[in-house]
Amino acid sequence: MNQDIRKQHGAVCWGELSTTDPKAAAEFYGKVFGWTSKVTTLENGSGDYTCFATRDGAEVAGAMEPQCEEAPNYWGIYMNVDNVDAIVAKTVELGGKVLVEAFDCPEAGRIAYLADPQGAVFAVIQSLD
């Protein structure tokens, strides 16, 4: 994938796995896709984060433990946007819902979790770079 396209407004730019066993997930996706993984501790105190990279070293996804006990294991996607707050407002205007208000993540940028009018969940990110 051309890395530059992921930086365009509206492009899917990141996949994130919420899983009760990030280590096993890293082993699995390493064998399936040839991904390498690197674990870091998040500065905000929410635990460890595993970054996945393709064979050429491009980071494409991450994994972490669920942020609440009731959450199932799942893959989520992030769309790159020019302005998270404007997208949150537009989502609400068009009948969508805000699941998690926009917040600043020191490692990544400004993020919000939203749902479309049919209930499909997605995240938006205004990247630091």
Side-chain angles (χ1 to χ4, degrees):
M1 175 194 306
N2 180 339
Q3 289 270 348
D4 293 337
I5 195 157
R6 295 189 309 171
K7 294 182 179 186
Q8 292 180 18
H9 179 79
V12 174
C13 64
W14 191 253
E16 190 165 75
L17 174 62
S18 177
T19 177
T20 54
D21 195 344
K23 183 178 178 183
E27 291 175 21
F28 174 80
Y29 291 105
K31 290 176 182 173
V32 171
F33 298 123
W35 288 354
T36 58
S37 61
K38 176 182 168 188
V39 178
T40 59
T41 300
L42 295 173
E43 291 178 17
N44 66 6
S46 60
D48 289 339
Y49 194 83
T50 303
C51 277
F52 297 124
T54 60
R55 289 180 228 164
D56 66 2
E59 290 184 345
V60 293
M64 63 188 297
E65 291 188 14
Q67 297 301 295
C68 64
E69 289 182 24
E70 300 83 25
N73 292 344
Y74 68 92
W75 273 99
I77 61 166
Y78 288 75
M79 278 84 140
N80 189 52
V81 296
D82 297 331
N83 183 318
V84 165
D85 298 298
I87 295 299
V88 169
K90 190 68 161 179
T91 297
V92 172
E93 175 187 326
L94 296 174
K97 294 182 181 168
V98 178
L99 303 177
V100 176
E101 292 287 343
F103 64 95
D104 293 318
C105 177
E107 297 89 358
R110 190 154 177 80
I111 299 169
Y113 294 92
L114 309 169
D116 69 19
Q118 293 73 41
V121 176
F122 63 101
V124 292
I125 183 168
Q126 183 177 335
S127 298
L128 291 175
D129 53 16

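All residue numbers in this chain count up from 1 along the given sequence.
- Every ring pair (Phe, Tyr, Trp, His ring centres under 6.0 Å) that F52 has, sequence neighbours left out, goes to W35.
- Side-chain contact check for I125 versus C13: some heavy-atom pair is nearer than 4.5 Å.
- Using a 4.5 Å cut-off on side-chain heavy atoms (C-beta onward), R55 and F33 make no contact.
- Once rounded to the nearest 0.5 Å, the distance linking CG of D82 with CD of Q126 reads 7.5 Å.
- Listed by chain and number, the residues in a side chain to side chain contact (heavy atoms under 4.5 Å, CB included) with E107 are L42, E43, C105 (sequence neighbours excluded).
- Between S127 and N80, the closest side-chain pair of non-hydrogen atoms falls below 4.5 Å.
- Ring-plane geometry between W14 and Y49 is classed as parallel, the angle between the planes falling under 30 degrees on a 0 to 90 degree scale with a further cut at 60.
- In this structure a side-chain-to-backbone donor-acceptor pair under 3.5 Å is present from N73 to T20.
- Residue pairs meeting the salt bridge (charged side-chain N to carboxylate O under 4.0 Å, His left out) criterion with at least one partner in residues 10-31, sequence neighbours excluded, are absent.
- Residues V84 and V121 do not share a hydrophobic cluster, defined by chaining ILVMFWY side chains whose heavy atoms lie under 4.5 Å apart.
- Scanning all heavy atoms of the two residues, the minimum distance from A86 to N83 falls at N-OD1, 2.9 Å.
- With a 4.5 Å cut-off on side-chain heavy atoms, V124 and L114 count as touching.
- A search for side chain to side chain contact (heavy atoms under 4.5 Å, CB included) contacts involving A123 returns Y78, Y113, not counting sequence neighbours.
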Using a 3.5 Å cut-off and no angle test, enumerate the donor-acceptor pairs between side-chain atoms of residues 90-103 and protein atoms at least two apart in sequence or in another chain.
unit_1 : atom_1 : unit_2 : atom_2 : d
T91    : OG1    : I87    : O      : 2.8

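- A search for side chain to side chain donor-acceptor pair (under 3.5 Å) contacts involving D85 returns R110, not counting sequence neighbours.
- Interatomic distance, Y74 OH to T19 OG1, rounded to the nearest 0.5 Å: 11.0 Å.
- In this structure, K38 NZ and E59 CD are separated by 7.0 Å, a value rounded to the nearest 0.5 Å.
- Between W75 and F122, the gap from one ring centroid to the other reaches at least 6.0 Å.
- In terms of heavy-atom proximity, E65 sits nearest to S18 at C-OG, 4.3 Å.
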